[in-house]
Amino acid sequence: MKSNSLLEDLVDLKPARVRFAPSPTGHMHLGSARTALYNYLLAKKTGGKFILRIEDTDQKRYVPGAEQELIDGLRWLGLEYDEGPDIGGPYGPYRQTDRKAIYDEYIQKLIDKGSAYPCFCTPERLAAVREEQMKNKVQPRYDGHCRGMDPGGAQKRVDSGEKHVIRFRMPKEGKTTVSDHLRGEITVDNTTLDDSVLIKSDGWPTYHFAAMVDDHLMEITHVFRGSEWLGTFPLHANIIRAFGWQEPVWVHLSVFLKPSGKGKMSKREKEDAIKDGYSIFVTGMSELGFIPEGLNNWTALMGWGAGETEDVLTLSEMIDKFDIDKLNASPAAINFARLDHFNGEHIRRLEAWDLAKRIRPYLEREGLVVDEGKLQMIIPIIRERLVTLDDCVPFAAWFFKEVATPPAEELLPKGMAAQQVKQMGAEVLEILKGLPSFSHSTVEEPMRKYIEEKQLSPNQVFGFLRVAISGQKVSPPLFESMEIVGRDTVLARVARAVDSL
RNA sequence: GGCCCCAUCGUCUAGUGGACUAGGACGCAACCCUUUCAAGGUUAUGACCAGGAUUCGAAUUCCUGUGGGGUCACCA
């Protein structure tokens, strides 16, 4: 519920305890990155705590290495957490599989209160019931077979080791009203709610139970989660109310849609994204040359109206501006072109030494031996040309390796014959050789003078030199490049080009 | 299909009854700058889903429809 009463503003500014609670079942998705970011921003904004909790109660879906990837992803994004499985904290443990005793204790409390009950129905019976319901066009729901069982008798069967689950005893009458910070109040008829499973027959809790218990015990004040939880929101509220606990502020974030805006990313779109040089996973993004500053900025603004004008924001500016009242409830289509824009902007804002450090791996990945001094000199002439870090390869790789003699057709500027170019090259070479010093400023002037004398266009002379020296039609600015590769290399490559014509 | 959520330029968004001739950003187009590619600068195109209702006045409130999304597990 949007509110700007003074009282609620003050409440919002109390230090928040927020958590990012992923399950280690695969790669870290862009949507997760945004959820983590919003959590982080609110924690920093209010001077609160950002917590990482691993929700790994489903061993069937457990993916080895996924937890580490999550942690690495968070660190890479710059979203340091204050409490988590690998660093500990006063509310631990932070991995749900390490909290089994806690869930056992709390489910017993719920059973004792009469708000939960053991259910001995077999999966086969449940499937049959569901099938029958579907056939009769009624909504598939648990039929309450074990709901009315005598607690003492049920307990005996449990004690004897009979296989069972624990279900929530959902109120059968009335309505449940829940409140989402972005959407206001949502009221549903309790008849539409189900007696959901809280503890599975393997003894582990479901999300519904574990997350509610943990959020309470960890004193979570705000829950950011995807809108896919809206359907089970009333269930969660009822569980919390059955315990008599206080609810956190709920913020259900909208989902990311595929670029067309029609539906969420499918397998097909994920493959298309890869083909286009993008990814919907955080780790993929870093390999593709995106930087955390750019990625954070991009995801932050999908679902958040940060301001009227300035869109390029650093993490600390985001903390400054962050406001959960400004979050948007409508779904947002992924727009990779916008990511390019933010990434380029943030690359240009990096300190030269920082950019050099970040670019180096992409060059080395190409098998190049990168000289630090040279790299430093290259930064100023390529930085505004980079959209992603790996764009440095086409612009800068040639500085660090031998380049093959370009084919004649590449060497010839438009509308010039080979003989003419050969002569031009020879003349230019002579001028270059005669220069007392060799820097971008001492080279440019004589070159321009030559162009004027010969009534040539800059394109003709510079184009030839560019290809002769870099081996490419596109390069960073010519004279700065010449200075960096050095006089000897320039002379040798120009001479070689002239000879080849 | 039931239930729930959402609805402003192609996309992300600003907008909380009059300051809206609806603002910004990305993209697209044009021009300027220019040795290539960029970056930068200037300009242009471009939207309140539809219909009712409330009101002196609606992008903003309400209703209906339509469209889109989510969810209906012993997954999270």
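Sequence lines set the chain letters: A, B, ... in the order given, protein chains first and strands last, and positions in each chain run from 1.
A:Asp180 places its CG atom 20 Å from the P atom of B:C3, with the value rounded to the nearest Å. Between the P atom of B:U36 and the CD atom of A:Glu384 lies a distance of 14 Å, rounded to the nearest Å. Protein atom NZ of A:Lys175 is 9 Å distant from nucleotide atom P of B:C4, rounded to whole Å. A straight line from CD of A:Glu185 to P of B:C6 spans 13 Å, rounded to a whole angstrom. To the nearest angstrom, P of B:C6 lies 14 Å from NE2 of A:His181. Rounded to an integer number of Å, the gap from CG of A:Leu386 to C1' of B:C37 is 11 Å. Computed from coordinates, the A:Leu313 CG to B:C26 P distance equals 13 Å when rounded to whole Å. Atom pair A:Leu301:CG and B:U13:P shows a separation of 8 Å (rounding to whole Å applied).
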Start with the C-alpha gap between A:Leu412 and A:Val467, add the side-chain angles, then the distance that decides, and say whether side-chain contact (heavy atoms from CB on, under 4.5 Å) holds.
CA-CA 9 Å; A:Leu412 302 181; A:Val467 176; over 6 Å; no
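The nucleotide B:A29 finds its pairing partner in B:U43, both defining distances of the Watson-Crick or G-U wobble pair being shorter than 3.5 Å. Across all strands shown, B:C37 forms no Watson-Crick or G-U wobble pair with both key distances under 3.5 Å. In this structure B:G67 sits in a base pair with B:C6, meeting the Watson-Crick or G-U test at under 3.5 Å. Pairing for B:C72 is with B:G1, a Watson-Crick or G-U wobble pair whose two hydrogen-bonding atom distances lie under 3.5 Å. Pairing for B:C62 goes to B:G52, judged as Watson-Crick or G-U wobble with the two contacts each under 3.5 Å.
Separation of the P atoms belonging to B:A44 and B:C31 is 15 Å when rounded to the nearest angstrom. If you take atom P in B:C63 and the same atom in B:G70, they sit 25 Å apart, rounded to whole Å. Comparing the P positions of B:C28 and B:U66 gives a spacing of 38 Å, expressed to the nearest Å. Comparing the P positions of B:U45 and B:G23 gives a spacing of 11 Å, expressed to the nearest Å. For B:A7 and B:U42, the C1' atoms lie 35 Å apart once the distance is rounded to whole Å. Taking atom P in both B:G51 and B:U13, the straight-line distance is 25 Å, to the nearest Å. The C1' atoms of B:C37 and B:C75 are separated by 49 Å, rounded to the nearest whole Å. One P atom belongs to B:U11, the other to B:C48, and the distance between them is 12 Å to the nearest Å.
Among the atoms of the strands shown, base atoms are found under 4.0 Å from some heavy atom of A:Phe395. A:Pro259 comes within contact range of no nucleotide atom at all, as no heavy-atom separation falls under 4.0 Å. If you check every strand for non-hydrogen atoms under 4.0 Å, A:Leu478 touches a base. Within 4.0 Å of A:Arg225, counting heavy atoms only, lies no atom of the nucleic acid at all. Backbone-only contact: A:Asn328 has heavy atoms under 4.0 Å from sugar-phosphate atoms and none from a base. Among the heavy atoms of the strands lying under 4.0 Å from A:Gly305 are primed sugar atoms or P, OP1, OP2 only; no base atom is included. Nucleic acid contact for A:Gln133: none, since no nucleic acid atom lies under 4.0 Å from a heavy atom of the residue. Among the heavy atoms of the strands lying under 4.0 Å from A:Ser330 are primed sugar atoms or P, OP1, OP2 only; no base atom is included. Base contact: A:Pro477 has a heavy atom under 4.0 Å from a base atom. Residue contacts shown for A:Gly344 are absent, as no nucleic acid heavy atom lies under 4.0 Å away.
Here the shortest heavy-atom pairing between A:Asn296 and A:Leu315 reads ND2-CD1, 4.2 Å. Taking all atoms of both residues into account, the shortest heavy-atom contact from A:Glu480 to A:His440 is N-CB, 3.7 Å.
Between A:Arg448 and A:Glu444 there is a salt bridge, with a side-chain nitrogen of the basic residue lying less than 4.0 Å from a carboxylate oxygen of the acidic one. Between A:Asp215 and A:Arg19 a salt bridge is recorded (basic side-chain N to carboxylate O distance below 4.0 Å). With respect to A:Asp323 and A:Lys326, no salt bridge is recorded, no charged nitrogen being found less than 4.0 Å from a carboxylate O.
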Could you run down nucleotides 68-76 of chain B 5' to 3' and tag each one B, S or - for protein heavy-atom contact under 4.0 Å?
-SSSSSBBB
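Sequence order on RNA chain B of the closest nucleotides to A:Phe342 and A:Thr187 puts A:Thr187 first from the 5' end. Between A:Lys473 and A:Trp304, the residue anchored closer to the 5' end of RNA chain B is A:Trp304, taking for each the nucleotide with the nearest heavy atom.
Aromatic ring centres of A:Trp204 and A:Tyr103 lie farther apart than the 6.0 Å criterion allows.
Taking 3.5 Å as the limit, the base of B:U35 and the side chain of A:Arg466 contain a donor-acceptor pair of atoms between them. With hydrogens and angles ignored, a donor-acceptor pair closer than 3.5 Å exists between the side chain of A:Arg385 and the base of B:C37.
The side chain of A:Arg338 contributes no N or O atom lying less than 4.0 Å from OP1 or OP2 of B:U13. Note on A:Lys326: a side-chain N or O is less than 4.0 Å away from OP1 or OP2 of B:G15.
Sorted by first and then second residue, the pairs that involve residues 451-477 of chain A and meet salt bridge (Lys or Arg N to Asp or Glu O under 4.0 Å), not counting sequence neighbours, are A:Glu427-A:Lys454.
In this structure, of B:G24, B:C3, B:U35, it is B:C3 that holds the atom nearest to the side chain of A:Val188. Comparing B:U35, B:C37, B:G40 by their closest approach to the side chain of A:Phe479 singles out B:U35.
Contacts of A:Ser115 classified as side-chain contact (heavy atoms from CB on, under 4.5 Å), with partners at least two apart in sequence or in another chain: A:Leu110, A:Lys113, A:Phe168, A:Ala242.
No hydrogens or angles considered: a donor-acceptor pair under 3.5 Å links the side chains of A:Asn238 and A:Thr176.
No option in A:Val387, A:Asp311, A:Asn297, A:Val312 other than A:Val312 meets the side chain to side chain contact (heavy atoms under 4.5 Å, CB included) test with A:Glu345.
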